[in-house]
Number of protein chains: 2
Amino acid sequence: MKTKNKILKAIQDFVDDYGYPPSIREIAKKIHLKSTKAVKVHLDNLASEGLIERVSGQARGIRIKPKSIPIVGRVTAGLPELAFEEVEGSFTISQWRDCFLLKVKGNSMINAHIYDGDMVVVKPARNALDNEIIVANVGDETTIKRLRRIGKELVLQPENDTYPIIREAFEVIGKVIGVIRKL
Amino acid sequence: MKTKNKILKAIQDFVDDYGYPPSIREIAKKIHLKSTKAVKVHLDNLASEGLIERVSGQARGIRIKPKSIPIVGRVTAGLPELAFEEVEGSFTISQWRDCFLLKVKGNSMINAHIYDGDMVVVKPARNALDNEIIVANVGDETTIKRLRRIGKELVLQPENDTYPIIREAFEVIGKVIGVIRKL
DNA sequence: ATGATATGTAAACAAATGTTTACATATTCA
DNA sequence: TGAATATGTAAACATTTGTTTACATATCAT
């Protein structure tokens with residue numbers, strides 16, 4: 001493996017293990033170089049290729065990309081050398097900043113493909129629009145339902161025909177913006 | 001807001017903005033303290049409370065918890081002051097280390113509640129067990145199906161009765177370990 | 001084989017950065 | 001009100017850390 005790629009991997013591993021970036025001397029030690037000059041040259045090259053960002057003159061002034069997962073449309077090769085096509089972006093947790101996950105209990109939302117055991121991603125909000133799927137408190141019960149306006153009345157509508165519409169007073173907690181299911 | 005909480009927030013914001021932790025002097029500047037001693041005392045207190053971790057004597061040796069989203073069973077209060085009960089852990093992206101997301105196209109897996117437009121979380125693997133949902137290449141098509149053994153033959157079974165079983169040769173790319181849907 | 005370029009070493013230096021000491025001020029409690 | 005404790009300031013010092021200079025070695029192209 002080329003030194004440059006060794007250095008990039010060393011940085012990524014260090015951030016994973018320690019939670020902050022390595023110093024130039026720590027990188028040198030890890031990949032068995034004796035001089036900080038050599039490491040500096042490689043870091044500057046990695047920066048010019050856009051693989052890292054450098055902040056000159058600052059201790060540990062190396063920024064790597066935040067952890068993310070690639071989103072792909074097609075895989076052209078499997079292990080040991082994965083290859084993707086139609087890479088459509090990457091997934092990071094920061095898109096759900098300030099959100100929380102709510103465990104789904106029950107089958108009241110199955111027509112919206114939200115099933116018992118799923119987790120919904122909830123963006124806290126005080127209000128929501130007609131037809132949005134929301135998290136609300138009814139009394140001291142937390143529930144997931146579709147917000148519907150019937151005349152001037154706002155109600156909570158299950159997405160399962162066997163469940164009744166909820167007409168009691170409720171407090172909007174947030175909007176459902178995603179679903180996560182583990183298999 | 002107490003100085004200690006200001007410091008904690010300053011660190012979190014700095015890591016978000018810069019991608020690495022602040023120095024003691026940078027924290028001091030941010031919260032308008034003039035001495036590094038005062039910041040050091042607060043940092044040591046935060047560390048003793050387990051809110052951060054300190055690495056003594058190292059530049060920027062402050063570790064905060066990786067970004068995560070709380071998983072809750074119930075919400076007891078909404079905005080402006082969210083309160084949770086039945087907190088069941090937190091969600092981080094690191095559980096899907098080395099995985100990728102594959103966009104779902106088509107309705108072949110709807111009996112498994114995997115719908116067109118979803119993204120499946122794929123853990124790369126060369127093999128899989130009978131009955132697992134996998135990602136496979138058939139020719140140069142990437143597909144999601146359930147792996148089934150019929151006699152000695154391995155086939156790819158759709159989870160939609162209107163689709164045919166695939167008996168052609170295929171290559172296992174990985175196992176589906178989760179589903180993500182954005183609303 | 002030779003010259004050009006890339007990569008690495010060694011050392012010095014400058015700056016960044018954390019810790020410590022001595023003291024001042026603010027807050028809390030009896 | 002006074003003592004104890006918490007919090008902050010200033011400055012010095014030690015260590016960490018990045019950059020630079022001068023040079024050596026390895027690799028590549030002609």
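Each chain gets a letter, A, B and so on, in the order the sequences are listed, and its residues count up from 1.
Taken residue by residue, residues 28-40 of chain A places heavy atoms nearer than 4.0 Å to DNA chain C at L33(A), K34(A), S35(A), T36(A), K37(A), A38(A). At a non-hydrogen distance threshold of 4.0 Å, nothing from residues 4-18 of chain A comes into contact with DNA chain D.
The pair K4(B)-E49(B) meets the salt-bridge criterion, with a side-chain N (NZ, NE, NH1 or NH2) lying under 4.0 Å from an Asp/Glu carboxylate O. Using a 4.0 Å cut-off between charged side-chain N and carboxylate O, D13(A) and K30(A) make no salt bridge. A salt bridge does not link K105(B) with D116(B): none of the charged nitrogens is closer than 4.0 Å to a carboxylate oxygen. In summary, D140(B) and R74(A) do not engage in a salt bridge, as defined by a charged side-chain N under 4.0 Å from a carboxylate O.
Per the geometry, CD belonging to E26(A) stands 14 Å off C1' belonging to dT17(C), to the nearest Å. Rounding to whole angstrom units, CD of residue Q58(A) and P of dT17(D) are separated by 13 Å. The distance between atom CG of L43(B) and atom P of dG18(C), rounded to the nearest whole Å, is 9 Å. Distance CD1 (I24(B)) to P (dT16(D)): 14 Å, rounded to an integer number of Å. Rounded to a whole Å, the CG atom of D44(A) is 14 Å from the C1' atom of dT7(C). If you take CD1 of I62(A) and C1' of dT17(D), they are 11 Å apart, rounded to a whole angstrom. To the nearest angstrom, P of dT17(C) lies 11 Å from CD1 of I27(B).
Here the closest heavy-atom approach between residue N160(B) and residue N107(B) is recorded as ND2-O, 2.8 Å.
Along DNA chain D, the nucleotide closest to K2(B) and the one closest to R25(B) are compared, and the more 5′ of them pairs with K2(B).
For R54(A), no side-chain nitrogen or oxygen approaches OP1 or OP2 of dT17(D) to under 4.0 Å. Put simply, H42(A) has no side-chain N or O that comes within less than 4.0 Å of OP1 or OP2 on dA6(C). Between R60(B) and dT17(C) there is a side-chain polar atom (N or O) within less than 4.0 angstrom of OP1 or OP2. Side-chain N/O atoms of S56(B) include one lying less than 4.0 angstrom from OP1 or OP2 on dT19(C).
Interatomic distance, L154(B) CG to D130(B) CG, rounded to the nearest 0.5 Å: 7.5 Å.
Taking 4.5 Å as the limit, some side-chain heavy atom of N131(B) sits within range of a side-chain heavy atom of R148(B). Residues V87(B) and F100(A) fail the side-chain proximity criterion, which asks for heavy atoms closer than 4.5 Å.
If you check the side chains of S94(A) and K67(B), you find no donor sitting under 3.5 Å from an acceptor.
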